[in-house]
Amino acid sequence: MSEQKPHLDVDVEIRDARTAVLSVGGELDMETAGRLDDRLTEQLGQGRNHLVLDLSALGFMDSSGLNVLIRSLNRARQTGGNMYLAAPTSAVRRILEITGVTTTIPPHAGVAEALAAAGDAR
């Protein structure tokens, strides 16, 4: 019996010069966190500092994923931007709540609500 490696899909949709929506699906853990970190760093490097993460297809996240979110949030805020979480699954929402991340990055019901918050913040 072969052991399956965790997978992570990250699709990027550019909304405007300063805003990107990253749809994250699969498992965000020690093995896959670097992929999300690379995509977030790429967007910040291109001046898109309002980052919306659609977490509706993310089934699992561990502390490595939390670290990526917090580091990227700090980088976005240092450049006058912010990070917005949209539609986290119940498993992901639970880890966000337990760790207190929801007090720093409140989750939104969906991408439209997160984009509205990003637009209001400018």
Side-chain angles (χ1 to χ4, degrees):
M1 194 161 85
S2 69
E3 192 173 312
Q4 285 190 317
K5 288 192 165 246
H7 75 280
L8 183 75
D9 298 315
V10 182
D11 295 318
V12 179
E13 177 187 347
I14 308 305
R15 297 302 288 232
D16 61 41
R18 294 187 58 208
T19 309
V21 176
L22 290 86
S23 298
V24 185
E27 298 179 15
L28 182 54
D29 60 15
M30 188 171 70
E31 288 187 45
T32 62
R35 277 184 253 164
L36 178 59
D37 191 41
D38 290 346
R39 300 305 292 270
L40 289 164
T41 299
E42 176 184 292
Q43 294 310 307
L44 289 166
Q46 295 178 11
R48 287 182 279 279
N49 60 359
H50 290 277
L51 305 169
V52 174
L53 273 62
D54 178 357
L55 305 178
S56 62
L58 187 63
F60 175 81
M61 179 171 58
D62 70 7
S63 60
S64 301
L66 287 171
N67 286 330
V68 168
L69 295 184
I70 292 166
R71 278 195 315 267
S72 297
L73 169 68
N74 290 333
R75 290 189 311 231
R77 287 183 175 171
Q78 287 172 354
T79 62
N82 210 340
M83 179 182 293
Y84 306 87
L85 304 180
T89 59
S90 60
V92 171
R93 179 181 286 273
R94 181 155 166 72
I95 193 166
L96 293 170
E97 289 172 347
I98 288 170
T99 58
V101 171
T102 55
T103 61
T104 305
I105 318 171
H108 298 273
V111 172
E113 292 85 354
L115 284 169
D120 291 345
R122 292 200 227 175

I want to check something: taking the side chain as every heavy atom from C-beta on, are L28 and L55 in contact at a cut-off of under 4.5 Å? no
Test item: R39 side-chain N/O and V10 main-chain N/O as donor-acceptor pair under 3.5 Å: yes
Give a yes or no on whether the backbone of G100 and the side-chain of T103 come within a donor-acceptor separation of less than 3.5 Å. yes
Would you confirm whether T89, through its side chain, and L58, through its main-chain N or O, come within 3.5 Å as a donor-acceptor pair? yes
Considering only heavy atoms from C-beta outward, does the side chain of H50 approach that of D16 to under 4.5 Å? no
Return the minimal non-hydrogen interatomic distance between F60 and D29, and the atom names on each side. CE2-CB, 4.0 Å
Please check if I14 and M83 belong to a single hydrophobic cluster, counting links between Ile, Leu, Val, Met, Phe, Trp and Tyr side chain heavy atoms closer than 4.5 Å. yes
Should the heavy atoms of other residues, nucleotides or ligands under 6.0 Å from CZ of R94 be counted, would the total exceed 12? no
What I'd like to find out is whether the side chain of L51 reaches to under 4.5 Å of the side chain of L44, using heavy atoms alone. yes
Is there a donor-acceptor contact under 3.5 Å from the side chain of S56 to the main chain of A87? no
Is there a donor-acceptor contact under 3.5 Å from the side chain of Q43 to the main chain of L40? no
Quick one: are V52 and H108 in side-chain contact, heavy atoms under 4.5 Å? no
Okay, side chain of T79, backbone of A76: is any donor-acceptor separation there less than 3.5 Å? yes
Student check: side-chain heavy atoms of D11 and V21 closer than 4.5 Å: no
How close do R93 and P107 get, heavy atom to heavy atom, and via which atoms? NH1-CG, 3.5 Å
